[in-house]
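Heavy atoms only: backbone and side chains are in, while hydrogens, waters and symmetry mates are out. So you know, we letter chains A, B, ... as the sequences are listed, proteins then strands, and number each from 1.
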There are 2 protein chains.
Amino acid sequence: MKIENPTGTALYSIEKAIKEYRKLAQKNIAKVVKDITVDQCLVLIILEQNQNISQNELANLVFKDNASITRMIELMVKNDYLTRTIHSEDRRKFNLVVTEKGLKTIKLIEPVVQHNREKALHGLSLNEIALLDQTLHKIIQNCKK
Amino acid sequence: MKIENPTGTALYSIEKAIKEYRKLAQKNIAKVVKDITVDQCLVLIILEQNQNISQNELANLVFKDNASITRMIELMVKNDYLTRTIHSEDRRKFNLVVTEKGLKTIKLIEPVVQHNREKALHGLSLNEIALLDQTLHKIIQNCKK
DNA sequence: CTATTTATATTGATATATCAATTATATTTG
DNA sequence: CAAATATAATTGATATATCAATATAAATAG
């Protein structure tokens, strides 16, 4: 049984697409803010929109591991993007709050993020994007079973 | 300008899909071979099918950085999956050769890789997969410009 | 109410990602 | 041919990914 060239399959196109997008995103974000990564931007935006979520929930929203989130938050606190204080009702949890610097940063990167998405999806019809999303969700479900 | 929730866009579905697939792949591969990663498996398969390629070319085929490839190869040589010798005609290059252990490993993981792909794409029509691939390639091109 | 189980987060170990700087060798240009 | 340029790979620094083990606190069963 000869395996086909892995780089020829749709699954590798998925990998390639996300890598190219991340490269684009990082490049453009770096133009306006120097000390932040794409992942940290995403965390910032999510946290601003979802106050009072736990690290756990945050991890799920950004498709990351708990361990990764712990370390990202450490860094972001160190770089003054977030503050972290103990949750008063459940002492296992923490309150994650976006700082002033974090809020300013969000304002700076918002148009960049929009632009990146538009660039990546340029020339695709709404229908095409919807289909893409639909197919990807089927794959996600298949993998989870 | 309020940014939409990033997790709602097709681009994040791409990220989620590839992460779920990698998780599935790693889990199933670990069942038959313990000391190898998904990425290393891919490198093995590519190297068996493309003899005499440089690290550079290999990096492009697996969508990785040169630096990543250097470190992966170091590890794979250390774990006896590959041998690396200096290229006689261009002394900047190396000959990468899959070892006996590497070949045996490929035989072991081939059916697993097939099964993983089938599982991930289960229930999708050929047309649907082709469309997916096509749309992803548009995105890839958009990001590269 | 105590013992067990569950939930939240951290830590250690190892692998990979990415950028920038560097080394070594090849190729091209003047 | 010598100097400049280009190519292949490495290295250092830092960020993220993943698994397994652990610590702490909360919830629940008996």
Side-chain angles (χ1 to χ4, degrees), chain A residues 15-16 18-31 33-44 52-60 62-79 81-82 84-96, chain B residues 15-16 18-31 33-44 52-60 62-79 81-82 84-96:
Chain A
E15 178 132 20
K16 177 149 189 152
I18 199 61
K19 287 197 171 174
E20 291 295 341
Y21 177 65
R22 292 178 70 90
K23 220 179 281 180
L24 166 74
Q26 184 64 59
K27 195 184 70 186
N28 289 334
I29 286 172
K31 287 179 191 165
V33 185
K34 300 146 296 347
D35 69 336
I36 203 166
T37 66
V38 184
D39 294 288
Q40 291 177 14
C41 286
L42 181 54
V43 165
L44 266 189
N52 306 324
I53 62 173
S54 66
Q55 295 187 190
N56 234 323
E57 293 165 318
L58 176 59
N60 288 330
V62 297
F63 321 140
K64 287 182 192 303
D65 191 74
N66 268 347
S68 297
I69 285 291
T70 293
R71 281 151 187 156
M72 284 183 69
I73 287 173
E74 262 172 28
L75 259 175
M76 293 178 76
V77 168
K78 192 177 117 195
N79 292 343
Y81 285 111
L82 297 180
R84 207 178 80 136
T85 51
I86 294 177
H87 196 284
S88 52
E89 278 151 36
D90 185 337
R91 300 180 48 197
R92 292 169 303 184
K93 295 185 180 180
F94 294 92
N95 304 114
L96 301 172
Chain B
E15 178 131 20
K16 177 148 190 153
I18 199 62
K19 286 197 173 175
E20 290 296 341
Y21 177 64
R22 291 179 69 91
K23 220 180 281 180
L24 166 73
Q26 184 65 60
K27 196 184 70 186
N28 288 334
I29 286 172
K31 286 179 191 164
V33 184
K34 299 143 299 348
D35 68 339
I36 204 165
T37 67
V38 185
D39 294 288
Q40 291 177 12
C41 286
L42 181 54
V43 165
L44 265 190
N52 306 323
I53 62 172
S54 66
Q55 293 187 191
N56 234 321
E57 293 165 319
L58 176 59
N60 288 330
V62 297
F63 321 139
K64 287 182 193 300
D65 191 74
N66 268 346
S68 296
I69 285 291
T70 292
R71 282 151 187 154
M72 283 183 70
I73 287 173
E74 262 171 28
L75 258 175
M76 293 177 77
V77 168
K78 193 178 116 195
N79 291 344
Y81 285 112
L82 297 180
R84 206 178 80 137
T85 51
I86 295 177
H87 196 284
S88 51
E89 279 151 35
D90 186 338
R91 300 179 48 195
R92 293 169 304 185
K93 296 186 178 177
F94 293 93
N95 304 112
L96 301 172

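- Side-chain N or O atoms of A:T70 include one that pairs as donor or acceptor with a backbone N or O of A:N66 at under 3.5 Å.
- Between B:I86 and B:F94 the shortest side-chain heavy-atom distance falls below 4.5 Å.
- For the 3.5 Å distance criterion, the side chains of A:Q55 and A:R92 fail to qualify, holding no donor opposite an acceptor.
- Summarising the geometry, the separation between CZ on A:R91 and C1' on C:dA7 is reported as 16 Å, rounded to the nearest angstrom.
- Per the geometry, CD belonging to A:E89 stands 15 Å off C1' belonging to D:dA27, to the nearest Å.
- Going from atom NZ of A:K34 over to atom P of C:dA20 covers 14 Å, rounded to whole Å.
- Between the CD1 atom of A:I29 and the C1' atom of C:dC19 there is a distance of 16 Å, given to the nearest Å.
- Comparing the start and finish of the helix from C:dC1-D:dG30 to C:dG30-D:dC1, five pairs each, the helix axis swings through 20°, to the nearest 10 degrees.
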- Task: List the steps and the verdict of side-chain contact (heavy atoms from CB on, under 4.5 Å) for B:Y81 and B:D35.
- Result: CA-CA 10 Å; B:Y81 285 112; B:D35 68 339; 2.5 Å; yes
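- The side-chain heavy atoms of A:K64 and A:D39, taken from C-beta on, include a pair separated by under 4.5 Å.
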- Show your reasoning for whether side-chain contact (heavy atoms from CB on, under 4.5 Å) applies to A:L44 and A:L82. CA-CA 8 Å; A:L44 266 189; A:L82 297 180; 4.0 Å; yes
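- Atom-to-atom, CD1 of A:I86 to P of D:dA26 comes out at 11 Å; the value is rounded to the nearest Å.
- For B:D90, the CG atom sits in a packed shell: over 12 heavy atoms of surrounding residues, nucleotides or ligands are nearer than 6.0 Å.
- Atom CG of B:N52 has 12 or fewer heavy atoms from other residues, nucleotides or ligands within 6.0 Å.
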- Heavy atoms under 4.0 Å is the rule here; annotate nucleotides 6-16 of chain D 5' to 3' with B where the base is hit, S where only the sugar-phosphate is, and - elsewhere. -BSSBBBB-SS
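- Put simply, CD on A:E15 is 13 Å from C1' on D:dA17, counting in whole angstrom units.
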